[in-house]
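Everything on this sheet refers to the single structure shown next.
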Amino acid sequence: MRTRSLVAIVAFVAVVVPALAASCTLDFNQFEPTRGSSAGGGASTSSGPGGSGGGGGMTASSSASSSSSVASSSSASSSSVASSSVASSSAASSTTSGATEDCLNNIDDDGDGDVDCADSDCGGGFTCVSNAPPAWNGPVALYDGVPGMKPAACPGEHPLKSYEGNHDLNDTPAICSACACSAPNVACNVKQLEFDTAGCNQQKGFATQPAPGQCGPISPPGGVTSYTAIAPDAFSAGGCAASGGTATLPPPDWGGAGLACAGGGLGGGCGNKAACAAVSGAPFEAGLCVYRSGDQPCPNGFGDKHLFVNSVIDTRGCGLCACGGASATCAAKTKVFSDGACGVPVAEVPNDGSCVDAAGGASIKVDVTKSGSCPASGGAPQGSLKEGSSMTTVCCAP
């Protein structure tokens with residue numbers, strides 16, 4: 001038991017005494033100024049005079065500085081590790097948070113330090129554009145191509161229609177309806193009906209024929225066995241009225257059509273250029289554009305020129321229709337009746353000089369057919385369709 005007690009006491013002394021000594025040394029150094037220290041409190045590296053006491057001060061200071069340096073180094077190391085850990089954690093969160101870069105809002109949405117067009121996430125779908133020069137409008141996305149392929153609406157990247165125009169006008173003539181002429185008034189003068197012997201070889205007399213469509217009496221002499229009448233005379237009264245020549249104007253036929261679209265927002269990240277803008281795909285031009293009224297030279301940075309027409313000069317029409325001199329014809333035939341009231345027909349005599357056998361008659365009726373016409377002329381397409389002087393220039397970045 002005594003031996004164990006002694007061992008315990010020795011162990012206690014071995015632990016406590018050095019600790020007390022260290023405690024006294026640290027307290028001394030804390031309050032004993034270091035020889036040669038600067039006014040700011042920083043330790044001097046110069047030993048200087050002072051004998052062993054000064055050397056002891058330097059040693060204590062060095063010891064304290066060393067301890068402080070170790071502690072500081074340890075603390076800085078811990079702090080550095082902690083900061084590195086925090087930065088690493090922050091970087092990881094910015095790349096794994098799922099944030100998407102909005103290329104048109106002037107904000108670094110995904111936290112990678114790059115804004116809009118400067119961010120690789122904006123890739124080929126966006127481009128930096130310069131400001132539209134004074135008097136120019138833009139930027140716009142431009143379609144310039146076949147009219148039948150022109151989009152009916154603007155693309156989502158630039159949804160607002162800013163301008164529409166055309167170029168390469170084809171001169172399509174007017175379509176004219178055919179000219180025509182009304183029929184003239186025609187009058188027919190029938191000739192007399194002759195009475196003949198058989199074969200019309202000997203004239204026995206004649207009778208004046210009644211007006212067309214009326215029944216008139218005849219009194220052929222005895223021995224009459226045939227009839228004959230020559231063709232009536234035809235007359236036209238007045239001229240013919242012309243019609244037709246009405247113009248139908250086809251719409252302008254353009255070889256090319258243009259559509260300029262704006263809107264969609266502008267972002268940043270473009271350095272000395274104005275803004276970041278979305279690029280529309282085909283069929284729109286690859287580069288964004290600016291536009292201005294008139295036929296203008298393109299400004300710097302927008303060298304791809306497109307010229308569009310805003311109006312047409314349309315003088316198309318049709319010439320007047322006209323009618324030439326009238327022609328008239330008449331044809332007649334005479335019916336011979338055995339009774340006096342045109343009731344019982346016995347013969348029909350063409351009024352063309354033909355000889356018709358008949359066994360007598362008491363009455364006749366004449367049927368007349370007449371016609372007339374005038375030759376038509378005129379009505380050809382006239383005038384032209386030309387591009388007007390009002391134009392718009394659209395200039396695009398290459």
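Between Gly303 and Cys298, the shortest heavy-atom contact is CA-CB, 4.2 Å. In plain terms, the two heavy atoms of Pro173 and Pro250 that are nearest each other are O-CD, 3.5 Å. Nearest heavy-atom pair, Pro232 versus Ala332, reported as atom, atom and distance to 0.1 Å: CG-CB, 4.1 Å. Nearest heavy-atom pair across Pro184 and Gly238 is CB-O, 4.2 Å. Here the closest non-hydrogen pair linking Ser363 and Ala341 is OG-N, 3.9 Å.
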Problem - Val336 and Val349: CA distance, side-chain angles, deciding distance, side chain to side chain contact (heavy atoms under 4.5 Å, CB included) verdict - result: CA-CA 8 Å; Val336 180; Val349 183; 4.2 Å; yes
Exercise for the section: Assess whether side-chain hydrogen bond (donor to acceptor under 3.5 Å, both in side chains) is satisfied between Thr197 and Thr225, documenting all intermediate values. Expected result: CA-CA 5 Å; Thr197 58; Thr225 58; 5.5 Å; no
Practice task
Check the pair Lys150, Glu164 against salt bridge (charged side-chain N to carboxylate O under 4.0 Å, His left out), reporting the backbone distance first and the verdict last.
Solution key: CA-CA 10 Å; Lys150 186 178 80 170; Glu164 291 183 271; 2.9 Å; yes
Practice task
Go through the steps to decide whether Asp295 and Leu307 satisfy the test side chain to side chain contact (heavy atoms under 4.5 Å, CB included), and finish with yes or no.
Solution key: CA-CA 7 Å; Asp295 184 357; Leu307 186 62; 3.7 Å; yes
Handout entry: Val368 and Val190: CA distance, side-chain angles, deciding distance, side chain to side chain contact (heavy atoms under 4.5 Å, CB included) verdict
Key = CA-CA 8 Å; Val368 175; Val190 296; 3.8 Å; yes
Exercise for the section: May I have the step-by-step check of side chain to side chain contact (heavy atoms under 4.5 Å, CB included) for Val224 and Asp196, ending in yes or no? Expected result: CA-CA 5 Å; Val224 171; Asp196 298 286; 5.9 Å; no
Exercise for the section: Give the C-alpha distance, both sets of side-chain angles, the deciding distance and a yes or no for disulfide bond (SG atoms under 2.5 Å apart) between Cys395 and Cys289. Expected result: CA-CA 5 Å; Cys395 296; Cys289 315; over 6 Å; no
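A donor and an acceptor atom, one from each side chain of Asn185 and Ser236, are nowhere located under 3.5 Å apart. Between the side chains of Asn351 and Gln209, at least one donor N or O sits under 3.5 Å from an acceptor N or O.
The local environment of CG in Asn300 is sparse, with at most 12 non-hydrogen atoms from other residues, nucleotides or ligands closer than 6.0 Å. Within 6.0 Å of CG in Leu160 there are more than 12 heavy atoms belonging to other residues, nucleotides or ligands. Counted within 6.0 Å of NZ on Lys386, heavy atoms from surrounding residues, nucleotides or ligands total 12 or fewer; the atom is thus considered open.
No continuous path of hydrophobic side-chain contacts links Phe308 to Val290 [ILVMFWY only; heavy atoms under 4.5 Å]. Val140 and Tyr163 fall within a single hydrophobic cluster, where Ile, Leu, Val, Met, Phe, Trp and Tyr side chains are chained together by heavy-atom contacts under 4.5 Å. With hydrophobic clusters built from ILVMFWY side chains whose heavy atoms lie under 4.5 angstrom apart, Val115 does not share a cluster with Phe126. Grouping the Ile, Leu, Val, Met, Phe, Trp and Tyr side chains by contacts below 4.5 angstrom, directly or via other members, places Leu266 apart from Leu288. A continuous path of ILVMFWY side-chain contacts below 4.5 Å connects Leu142 to Tyr291, so both sit in one hydrophobic cluster.
Ser182 places no side-chain N or O within donor-acceptor distance of the main-chain N or O of Cys240, the cut-off being under 3.5 Å. Not one N or O on the side chain of Ser177 forms a donor-acceptor pair closer than 3.5 Å with the backbone of Gly244. Under a 3.5 Å cut-off, the side chain of Thr393 and the backbone N or O of Gln296 do form a donor-acceptor pair. For the pair Asp116 (side chain) and Asn106 (backbone), a donor-acceptor distance under 3.5 Å is present. With Asp108 contributing its side chain and Gly111 its backbone, the two residues share a donor-acceptor pair below 3.5 Å. Remark: the backbone N or O of Ala278 is paired with a side-chain donor or acceptor of His158 at under 3.5 angstrom. In this structure, Lys370 contributes its side chain and Val186 its backbone to a donor-acceptor pair below 3.5 Å. Here the side chain of Arg316 pairs no donor or acceptor atom with the backbone of Ala247 at under 3.5 angstrom. Checked by atom type and distance alone, the side chain of Ser130 never pairs as donor or acceptor with a backbone atom of Ala274 at under 3.5 Å. Side-chain atoms of Asn170 do not come within 3.5 Å of backbone N or O of Thr172 as any donor-acceptor pair.
Each of Cys117, Cys103, Cys128 was scored for a disulfide (SG to SG under 2.5 Å) with Cys276, with one residue passing: Cys117.
Atoms CG and CG, on Asp253 and Asp168 in that order, are 10.5 Å from each other to the nearest 0.5 Å. Atoms SG and CG, on Cys318 and Leu249 in that order, are 7.5 Å from each other to the nearest 0.5 Å. Within the model, atoms CD of Glu194 and SG of Cys355 stand 10.0 Å from one another, a figure rounded to the nearest 0.5 Å. In this structure, the separation between OG on Ser293 and CE on Met391 is 12.5 Å, given to the nearest 0.5 Å. Taken from OH in Tyr227 to CD1 in Ile218, the straight-line distance is 4.5 Å, to the nearest 0.5 Å. In this structure, CD in Glu157 is found 4.0 Å from OG in Ser280, a value given to the nearest 0.5 Å.
Looking at heavy atoms from C-beta onward, Phe235 lies in side-chain contact with Asn189 at the 4.5 angstrom threshold. At a threshold of 4.5 Å between non-hydrogen side-chain atoms, the residues Ser162 and Asn137 do not count as touching. Counting heavy atoms from C-beta on, the side chains of Glu387 and Ile313 never come closer than 4.5 Å. Within the 4.5 Å cutoff, the side chain of Trp254 has heavy atoms near those of the Val312 side chain. Between Lys335 and Cys342, the closest side-chain pair of non-hydrogen atoms is not below 4.5 Å. The shortest distance between side-chain heavy atoms of Lys365 and Phe337 falls below 4.5 Å. Asp352 is not listed as a side-chain neighbour of Ile230, based on a closest heavy-atom distance of 4.5 Å or more. Two residues are said to be in side-chain contact when any heavy atoms from C-beta on lie closer than 4.5 Å; Thr392 and Asn310 meet this criterion.
In summary, the aromatic rings of Phe195 and Phe206 are positioned with their centroids too far apart to meet the 6.0 Å limit.
In this pair, Phe284 and Tyr143 present their aromatic rings perpendicular. The plane angle is above 60°, beyond the 30 to 60° band.
Cysteine sulfur proximity is satisfied for Cys323 and Cys181, their SG distance being under 2.5 angstrom.
Taking the charged nitrogens against the carboxylate oxygens, Lys191 and Asp233 do have a contact shorter than 4.0 Å, which makes a salt bridge.
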